[in-house]
K.L.:
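The structure that follows is given in the form of structure tokens.
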Amino acid sequence: MGIIPKVRNLDCLIDSDDIASAGISDGRPLPIIHAIGMDDLPARRATLSPAVAAWLDQTGFTAAAGELALLPGPHGIDAAWVGLGTLKNSQGHFTAFGDLPNKLPAGSIWAIADDLTGPERQSALLAFCLGAYRFTEYRAAKRPPARLRLPKDADQRSIELARAIWFARDLINRPANDLGPAELADAVRALGDHHHASVTIISGATLERDYPTVALVGNGADRAPCVAALDWTGPDASADAPLIALCGKGVVFDTGGNDIKPAGAMLRMKKDMAGAAILMGVAHAVMAAGLPIRLALRVGCVENAVSGRAMRPLDIVRTRSGRTVEIGNTDAEGRLVLCDLIDEVAALNPAVIIDAATLTGAARVALGPDLPALFCNNEEWAARMLAAGSHSGDPVWRLPLWQPYDSWLDSPVAEMNNVSSKPFAGAIVAALYLQRYVPGEIPWVHLDTFGWNDQSRPGRPEGADTQGLRCITAALCEHFR
Ligand code: BES
Ligand code: MN
Ligand code: ZN
């Protein structure tokens, strides 16, 4: 029995009072981090004493992106200069600050220079926090990250966004033996408790009746499936405030089922609940921001296992919508989990339905690990998502809901198959399957994402990643503020 991941405090940020009371700084002023654009370097260098300027020259510092120089002063290290290269915008600051927790001396405490202001300051803070993330549940951090004095003017939204991302990463990194369907549902409950939202967990016979496809996918596993439903109304929202519906694929482990995956393909499948984790993070950020909306989060918590009870190819399931689906491939389980969730929330008359899922390998073949595939039946929402993705530094790339491929899902014995027999356009076909459950008049956003990062980059340590979380959060916060 493990711990249930919860939204936790950012231990890389320290309150000024705590610094003073713990005597951490020995009364010395904290060293300051300055971000330096390449073209500003000569002017900035001119402000230094001759000795420190000579030191800086001898380190070879050029203010290239991410380059770091520690500058001496009367108390020891006085300042850190980090290069922005030629990118002096938010993106440049994200890159510069995202690696500082690892590059600055282990456990050292810093303050961000006061002259760094505006969106660049918030970007720097967010990147620092994201880079300081460690998954230390099963092993201590090899090197404690550097820390920041919590800036007095810190934008609470950046902090809550970082907490949302840590929360989602904790969920994704957690191995499936310690994060089964029940534990994932408990994490939704803990999230709801944190925000005084109502949480219902649907299982057993009620699940069989109301979410038959979720029940079917979970049939093969010893750990029972469930749906976790979180409903929340913003403090300033009226009873008829717009409803945002979020549907997450929470497959805690995907063996493929009877259509079992080869070892290499199965190796990362503890992350197959990343869609759910990302939307739980979005839900945290949206609730913490107190948006004047109503929120309905649905997570299909289920394990796709192999056993004598597991669904088989050629099985036919009657979905919540009443339509029948022939199982062409038991490894196409994500769309089965999502279709009943989407069908349920569509009846609530939402302003938008957003789903997120590690749905297809094909989306990764098309776009690689960094770019979630965006599918959308509504031009305004598509534009909103693309814009939010690019300015939040969490880009998504649109693929078409190409209707001529829809007939590839036809089945000779049921109303549809869960897969196409053609080896083409796998991400599009999966999206078209889901679209069959979305009433045409409801705006619908579908993100087929990766949920993983296989090479450390500034602000993005190797392991769980949350591609799409910041994009969705930004789109919602800007549209419904
Ligand atoms: N969870 C996988 C998709 C996946 C694989 C995401 C690798 C990221 C990396 C999903 O359940 C799956 O197995 N999809 C199949 C669908 C196919 C059987 C039509 C796939 O993509 O191979
Ligand atoms: Mn699968
Ligand atoms: Zn899967």
Side-chain angles (χ1 to χ4, degrees), residues 171-172 176 179-181 184 213-214 216-221 225 247-278 299-306 310-315 325-339 341 355-373 375 399 405-406 408-411 416-434 436 446-454 463-468:
L171 287 163
I172 297 167
L179 189 87
L184 181 57
T213 57
V214 178
L216 178 73
V217 170
N219 249 352
C247 300
K249 171 180 175 182
V251 173
V252 296
F253 197 81
D254 183 10
T255 62
N258 277 311
D259 290 305
I260 194 166
K261 289 181 183 292
M266 204 188 292
L267 197 53
R268 287 202 190 119
M269 284 301 135
K270 71 170 181 180
K271 74 169 175 74
D272 214 18
M273 31 57 68
I278 287 167
V299 176
C301 309
V302 59
E303 174 166 15
N304 189 21
V306 194
M311 65 174 164
R312 293 156 285 255
L314 306 184
D315 281 357
V325 178
E326 182 187 12
I327 306 303
N329 192 313
T330 64
D331 199 8
E333 85 295 344
R335 63 198 77 181
L336 293 170
V337 172
L338 287 176
C339 69
L341 302 180
D355 80 69
T358 48
L359 202 62
T360 67
R364 307 290 52 96
V365 172
L367 297 172
D370 289 358
L371 288 170
F375 295 88
L399 292 181
Y405 300 163
D406 180 76
W408 295 1
L409 288 164
D410 289 349
S411 156
M416 68 194 88
N417 199 294
N418 74 330
V419 294
S420 141
S421 55
K422 294 188 205 296
F424 304 128
I428 298 177
V429 171
L432 290 169
Y433 174 91
L434 296 179
R436 288 185 175 212
H446 161 53
L447 276 194
D448 191 339
T449 188
F450 192 41
W452 200 255
N453 179 20
D454 55 20
D465 209 347
T466 59
Q467 295 96 332

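This is a predicted model, so every value here is computed, not measured. Indexing begins at 1, ligand by ligand and atom by atom, following the structure's order.
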K.L.:
Angle at the Mn ion (ligand 2), OD2 of D254 to OD1 of D331, rounded to 10 degrees, please.
P.N.:
100°
K.L.:
Using the side-chain contact (heavy atoms from CB on, under 4.5 Å) rule, pick out the option among L367, T449, T358 that qualifies with Q467.
P.N.:
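Single side-chain contact (heavy atoms from CB on, under 4.5 Å) partner of Q467 among L367, T449, T358: T449.
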K.L.:
If you count the atoms of ligand 1 from 1 in the order shown, which ones are under 4.0 Å from a heavy atom of E333?
P.N.:
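Heavy-atom distances to E333 below 4.0 Å select 11 (O).
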K.L.:
Would you call K422 and D410 a salt bridge, using N to O less than 4.0 angstrom?
P.N.:
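Not counted as a salt bridge, because no side-chain N and carboxylate O are separated by less than 4.0 Å.
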K.L.:
So, taking the atom named CD in E303 and the one named CG in L184, what distance separates them when rounded to the nearest 0.5 Å?
P.N.:
11.5 Å
K.L.:
Using heavy-atom distances, let me know which of K271, M266, R268 sits nearest atom 8 (C) of ligand 1.
P.N.:
K271
K.L.:
Using a strict cut-off of 4.0 Å, indicate which atoms of ligand 1 neighbour a heavy atom of T358.
P.N.:
1 (N), 2 (C), 3 (C), 6 (C)
K.L.:
Less than 4.0 Å between atom 21 (O) of ligand 1 and some protein heavy atom, yes or no?
P.N.:
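Yes, there is one.
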K.L.:
Where is the nearest protein heavy atom to atom 1 (N) of ligand 1: which residue, which atom, and how far?
P.N.:
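Scanning the protein heavy atoms, the shortest distance from atom 1 (N) of ligand 1 goes to D272 OD1, 2.8 Å.
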K.L.:
Can you tell me how far apart OG1 (T213) and CG (L338) are? Round to the nearest 0.5 Å.
P.N.:
8.5 Å
K.L.:
Restricting to N, O or S atoms, which atom of E333 is closest to the Mn ion (ligand 2)?
P.N.:
OE1
K.L.:
Could you check which of V217, V429, D331, N304 puts a non-hydrogen atom nearest to atom 15 (C) of ligand 1?
P.N.:
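Shortest heavy-atom distance from atom 15 (C) of ligand 1: D331.
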K.L.:
What orientation do H446 and F375 show, parallel under 30°, tilted 30 to 60°, or perpendicular over 60°?
P.N.:
parallel
K.L.:
Check each heavy atom of R335 against ligand 1 and say whether those closer than 4.0 Å belong to the side chain, the backbone, both or neither.
P.N.:
side chain
K.L.:
Please report the C-alpha distance between M266 and D254 in whole Å, then the side-chain angles of each, then the deciding distance to 0.1 Å, and finally whether the side chain to side chain contact (heavy atoms under 4.5 Å, CB included) criterion is met.
P.N.:
CA-CA 7 Å; M266 204 188 292; D254 183 10; over 6 Å; no
K.L.:
Atoms of ligand 1 less than 4.0 Å from K261 heavy atoms?
P.N.:
2 (C), 12 (C), 13 (O)
K.L.:
Does K270 form a side chain to side chain contact (heavy atoms under 4.5 Å, CB included) with V252? I'd like the steps, not just the answer.
P.N.:
CA-CA 6 Å; K270 71 170 181 180; V252 296; over 6 Å; no
K.L.:
Look up atom OH in Y433 and atom CZ in R335, then write down how far apart they are to the nearest 0.5 Å.
P.N.:
8.0 Å
K.L.:
Return the set of protein N, O or S atoms whose distance to the Zn ion (ligand 3) is under 2.8 Å, each given as residue and atom.
P.N.:
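As for protein N, O or S atoms lying under 2.8 Å from the Zn ion (ligand 3), they are K249 NZ, D254 OD2, D272 OD2, E333 OE2.
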K.L.:
Please could you name the atoms of ligand 1 that N329 approaches to less than 4.0 Å, counting only its heavy atoms?
P.N.:
18 (C)
K.L.:
Do T360 and D448 pass the side-chain hydrogen bond (donor to acceptor under 3.5 Å, both in side chains) test, and can you show the C-alpha distance, the side-chain angles, and the key distance before you say yes or no?
P.N.:
CA-CA 7 Å; T360 67; D448 191 339; 2.7 Å; yes
K.L.:
I'd like to know if the side chain of D331 reaches the main chain of G257, judged simply by a donor and an acceptor atom lying under 3.5 Å from each other, with no hydrogens or angles considered.
P.N.:
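A pair under 3.5 Å: no.
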K.L.:
For ligand 1, which part of L359 has a heavy atom less than 4.0 Å away: the side chain, the backbone, both, or neither?
P.N.:
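Backbone only.
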K.L.:
Can you check whether M269 has an N/O within less than 3.5 Å of an N/O in ligand 1?
P.N.:
no
K.L.:
For ligand 1, which atoms have a heavy atom of K249 less than 4.0 angstrom away?
P.N.:
1 (N), 10 (C), 11 (O)
K.L.:
Could you check L336 against M311 for side chain to side chain contact (heavy atoms under 4.5 Å, CB included), going step by step and ending with a plain yes or no?
P.N.:
CA-CA 12 Å; L336 293 170; M311 65 174 164; 4.0 Å; yes
K.L.:
For the atom pair CG (L432) and CE (M416), what is the distance rounded to the nearest 0.5 Å?
P.N.:
12.0 Å
K.L.:
Would you please test F424 and Y405 for side chain to side chain contact (heavy atoms under 4.5 Å, CB included) and show each step?
P.N.:
CA-CA 10 Å; F424 304 128; Y405 300 163; over 6 Å; no
K.L.:
Run the numbers for me: atoms of ligand 1, each under 4.0 Å from some heavy atom of V419, listed by number.
P.N.:
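In order of numbering, the contacting atoms are 19 (C).
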